[in-house]
Amino acid sequence: MGASGDALHHGGTTKYLLRQAMAGTLPESIRKRTGKTDITLPLIDAVDTYLSHRPFSAMQPVRLGWIDAGVLADIHTSHRNWHGGGDDKAMPSMPYAPVWNLVAVDIWLEHAVGL
């Protein structure tokens, strides 16, 4: 978009231009962090909330036959149990992204497409 490489990566800082633009808007601890944050736990909680009013079987991708609800329910259950098990329990090996992606596509199909 025309910004020089130095404006994007300056003095060893990535996203330099964006970080400068967000000064005074984002909390400094977030604006200056160098790593990514893990949002797995809040995602599991958000999916739980969504499932409380729309179970896997009612989601459009499942109803359309695109997704096997049982597989994603198993993934969600294993992550839910891990979330409630405390820090000493190993995170499940199956990624959680397919569950979150199903919820996102279901929301999109309902609101953007009207299904």
Side-chain angles (χ1 to χ4, degrees):
M1 295 175 277
S4 71
D6 193 46
L8 302 176
H9 191 272
H10 179 73
T13 301
T14 59
K15 301 181 184 179
Y16 180 76
L17 186 62
L18 177 62
R19 292 173 193 278
Q20 291 302 107
M22 295 306 292
T25 301
L26 280 177
E28 286 298 294
S29 61
I30 293 172
R31 188 175 78 86
K32 291 185 175 184
R33 73 177 173 213
T34 58
K36 295 185 179 209
T37 189
D38 184 3
I39 62 169
T40 304
L41 299 181
L43 279 178
I44 293 169
D45 292 338
V47 170
D48 269 345
T49 299
Y50 193 75
L51 289 171
S52 70
H53 71 275
R54 191 166 174 112
F56 285 115
S57 61
M59 293 186 200
Q60 286 298 333
V62 173
R63 293 175 50 153
L64 293 167
W66 299 348
I67 303 291
D68 182 341
V71 171
L72 295 185
D74 289 346
I75 294 170
H76 176 69
T77 299
S78 67
H79 280 78
R80 174 82 254 156
N81 292 341
W82 164 75
H83 180 8
D87 292 338
D88 60 339
K89 199 170 180 184
M91 184 177 197
S93 61
M94 289 294 297
Y96 196 69
V99 176
W100 174 243
N101 290 338
L102 169 63
V103 171
V105 169
D106 187 59
I107 293 169
W108 179 78
L109 286 171
E110 181 181 356
H111 295 283
V113 180
L115 292 178

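Positions are given from 1, in the same order as the sequence printed here.
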Note to self: side-chain contact (heavy atoms from CB on, under 4.5 Å), that's the test. Do His83 and Asp45 meet it? Break it down for me.
What the structure shows: CA-CA 9 Å; His83 180 8; Asp45 292 338; 3.0 Å; yes
Next item on the list: Could you name each residue pair satisfying salt bridge (Lys or Arg N to Asp or Glu O under 4.0 Å) that touches residues 95-107, not counting sequence neighbours?
Entry: Arg54-Asp106
Note to self: Can you confirm whether more than 12 heavy atoms, excluding those of Arg33, are under 6.0 Å from its CZ atom?
What the structure shows: yes
Next item on the list: Taking all non-hydrogen atoms of both residues into account, name the closest pair between Val99 and Leu72 and its distance.
Entry: CG2-O, 3.6 Å
Checklist line | Exam field: side chain His79 to backbone Ile75, donor-acceptor pair closer than 3.5 Å | finding: yes
Next item on the list: First locate atom CE of Met22, then atom CD of Glu28, and finally report the distance between them rounded to the nearest 0.5 Å.
Entry: 11.0 Å
Next item on the list: Grab the two heavy atoms, one from Pro92 and one from Ser78, that are nearest each other, plus how far apart they are.
Entry: CG-O, 3.5 Å
Note to self: Counting only heavy atoms from other residues, nucleotides and ligands, does the tally under 6.0 Å from CG of Leu41 exceed 12?
What the structure shows: yes
Check: Which residue pairs satisfy the side chain to side chain donor-acceptor pair (under 3.5 Å) criterion with at least one member in residues 64-77, sequence neighbours excluded?
Finding: Asp48-His76, His76-Tyr96
Next item on the list: Write down the atom of Ala69, the atom of Phe56, and the distance for their closest heavy-atom approach.
Entry: CB-CB, 3.9 Å
Notebook entry, point to check: How long is the span from the CD1 atom in Ile30 to the OG1 atom in Thr25, to the nearest 0.5 Å?
Noted result: 12.0 Å
Check: Hey, does Thr14 have a side-chain heavy atom less than 4.5 Å from the side chain of Arg19?
Finding: yes
Notebook entry, point to check: Are any of the side-chain heavy atoms of Thr40 and Trp82 separated by less than 4.5 Å?
Noted result: yes
Check: Can you find a pair of side-chain heavy atoms, one from Met59 and one from Val103, that are under 4.5 Å apart?
Finding: yes
Checklist line | Set of ring pair (Phe, Tyr, Trp, His ring centres under 6.0 Å) partners for His53, sequence neighbours left out | finding: Tyr50
